[in-house]
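In what follows, a structure is listed as structure tokens, so that the remarks can point back to it.
Naming: A, B, ... by sequence-line order, numbering from 1 per chain.
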Number of protein chains: 2
Amino acid sequence: MSRVSAVSIVEAIASDIRARVFSGELPALHALTETEVASSYDVARPTAKAAIEKLVAEGLLVRGVHKTARVADLGPESVRDIYLARAYLESEVLRRLASSRTVPDEAVRANNDIAALKTGAPLDVVEPDMRFHTSLVDALGNQRISKMYLSLVGEVRLCMSRVQSLHLLDTTLIQAEHQKLLELIAAGKGDAAAQLLDEHLGRARERLVATMGGEAGPEAELPSKLTG
Amino acid sequence: MSRVSAVSIVEAIASDIRARVFSGELPALHALTETEVASSYDVARPTAKAAIEKLVAEGLLVRGVHKTARVADLGPESVRDIYLARAYLESEVLRRLASSRTVPDEAVRANNDIAALKTGAPLDVVEPDMRFHTSLVDALGNQRISKMYLSLVGEVRLCMSRVQSLHLLDTTLIQAEHQKLLELIAAGKGDAAAQLLDEHLGRARERLVATMGGEAGPEAELPSKLTG
DNA sequence: CGCCCTACGATTGTCTAACAAGTACACACG
DNA sequence: CGTGTGTACTTGTTAGACAATCGTAGGGCG
């Protein structure tokens with residue numbers, strides 16, 4: 001029994017479950033019974049039901065009619081869908097930022113944080129990496145686009161929680177490509193930035209797919225040239 | 001008392017309310033009390049509550065804690081946010097379609113339906129217009145992008161329900177621009193298509209803003225040249 | 001011995017009833 | 001006239017209950 005209470009009991013429970021899913025405590029396909037959730041948080045069943053339905057709406061949990069809610073199991077095809085959606089959104093974001101030569105401070109800061117990482121823990125790069133990409137999207141100043149991207153980020157984090165030993169890409173490479181992206185934006189080269197982003201996300205996508213048991217596409221390979 | 005029952009009572013009620021909002025039967029800021037909804041559909045209050053919360057999650061209704069849910073009131077700034085979001089999404093969609101020279105059949109059909117419209121009712125153009133744009137997005141084959149665009153379409157329809165006498169743009173102009181967009185896609189000219197779309201949506205956006213009492217931006221003006 | 005059908009347990013969908021808590025508005029008081 | 005209080009309305013949450021449905025295990029039949 002965990003006593004939580006912030007603004008709304010439902011919201012608090014949903015938050016807690018969300019955190020437990022992201023941390024990997026609740027693995028994919030783990031069943032979440034309404035009664036079970038209700039008793040573990042010491043609330044009534046309708047309250048637990050509301051929290052579960054909120055998470056289902058977010059896409060973190062899945063459930064059919066009359067069936068127990070389960071932690072979403074994102075297969076390789078979902079990973080591709082998510083990363084392609086990211087690419088679609090961010091490509092256009094980069095073009096717009098480039099046309100106004102807007103380089104968000106927060107993005108620079110996030111990438112510096114990646115550069116400062118010397119720890120071997122590969123999981124530590126996820127947070128500043130997400131912050132880098134999110135800050136670019138947020139720089140557009142469009143509420144709805146930011147919200148959409150946020151939901152994608154949630155699903156990406158869900159994917160990440162599945163692959164524990166992710167040593168997919170070298171931190172140095174990530175940081176270098178981010179840097180290059182910012183330079184292209186500053187130079188007003190939107191097309192080039194969009195293309196580099198496609199490679200950047202495509203590589204991460206196919207490597208992630210490969211570690212999840214899917215078949216990696218050709219984008220998984222490192223680029224032959226990486227002119228900084 | 002309206003008896004409805006399809007797959008789920010909650011879903012059925014939510015659908016009905018959604019339709020009533022879109023039709024304009026429920027105007028902006030109209031209050032929807034849980035008890036009121038419950039009695040009018042002859043269901044229990046928790047059921048009505050669930051339906052209302054579903055619509056709140058969709059953005060059709062808004063409500064604060066302990067306050068009655070109301071039909072969302074989209075002001076000029078929201079309209080700009082929505083239409084800019086559309087432009088961000090669709091610009092990139094056009095580029096991708098152009099790079100593979102993919103012209104969706106459904107888009108062609110939808111635009112033909114617009115051309116066939118000779119009725120004076122300006123509201124009839126909304127449905128095929130939405131279908132045109134939606135079919136372009138769906139042609140990408142990305143579940144998440146399609147879902148995001150769907151929620152934007154819902155908000156656009158909500159805006160439309162507010163302006164009854166919308167005679168914002170000439171049907172012929174809309175149809176001609178759509179035609180030009182398809183031609184640019186077929187020619188692989190993604191940049192040009194994206195730019196034309198920006199003008200197309202920008203004009204609709206600022207005219208809509210103007211009719212809602214906001215101050216129209218310069219995009220409201222007709223283009224000086226429209227080479228078909 | 002294997003397959004299909006049935007029956008049971010578990011779980012969700014929905015309802016009734018009720019109390020607590022918060023908001024908003026009106027009225028009275030200073 | 002401004003402020004404070006109180007009351008009515010609404011929402012948040014709980015409890016218990018029943019029907020509908022799904023999954024599974026077991027028994028009957030070929």
Between protein and nucleotides 7-11 of chain C, what N or O pairs are separated by less than 3.5 Å?
{"residue": "C/dT11", "atom": "O3'", "partner": "A/T68", "partner atom": "OG1", "Å": "3.3"}

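The side-chain hydrogen bond (donor to acceptor under 3.5 Å, both in side chains) check on A/Y149 picks up A/R86, A/E90, with sequence neighbours excluded. Looking at residues two or more places apart in sequence or on another chain, you find no salt bridge (charged side-chain N to carboxylate O under 4.0 Å, His left out) involving B/D129. Residues passing the salt bridge (charged side-chain N to carboxylate O under 4.0 Å, His left out) test with A/R70: none are found, sequence neighbours excluded. For A/T102, the side-chain hydrogen bond (donor to acceptor under 3.5 Å, both in side chains) partners at least two apart in sequence or on another chain are A/S100. With sequence neighbours left out, B/R109 forms a salt bridge (charged side-chain N to carboxylate O under 4.0 Å, His left out) with B/E106. Among residues two or more places apart in sequence or in another chain, the side chain to side chain contact (heavy atoms under 4.5 Å, CB included) test is passed with A/E58 by A/R18, A/K54, A/L55.
Positionally, the nearest nucleotide of DNA chain D for A/A44 lies more toward the 5' end than for the other of A/A44 and A/V65.
For the pair B/I9 CD1 and D/dC18 P, the interatomic distance rounds to 19 Å; values are reported in whole Å. Between the CG atom of B/L32 and the P atom of D/dC9 there is a distance of 19 Å, given to the nearest Å. Between A/E11 atom CD and D/dT13 atom C1' there is a gap of 16 Å when expressed in whole angstrom units.
At a cut-off of 3.5 angstrom, the base of D/dG16 holds no donor-acceptor pair with the side chain of A/R45.
Counting only residues at least two apart or in different chains, salt bridge (Lys or Arg N to Asp or Glu O under 4.0 Å) contacts with residues 143-156 of chain A comprise A/R144-B/D81, A/R144-B/E155, A/E155-B/R144.
Counting heavy atoms from C-beta outward, B/V37 and B/T33 have side chains that stay 4.5 Å or more apart.
The stretch residues 48-63 of chain B touches DNA chain D through B/K49, B/R63, each having a heavy atom under 4.0 angstrom from the strand.
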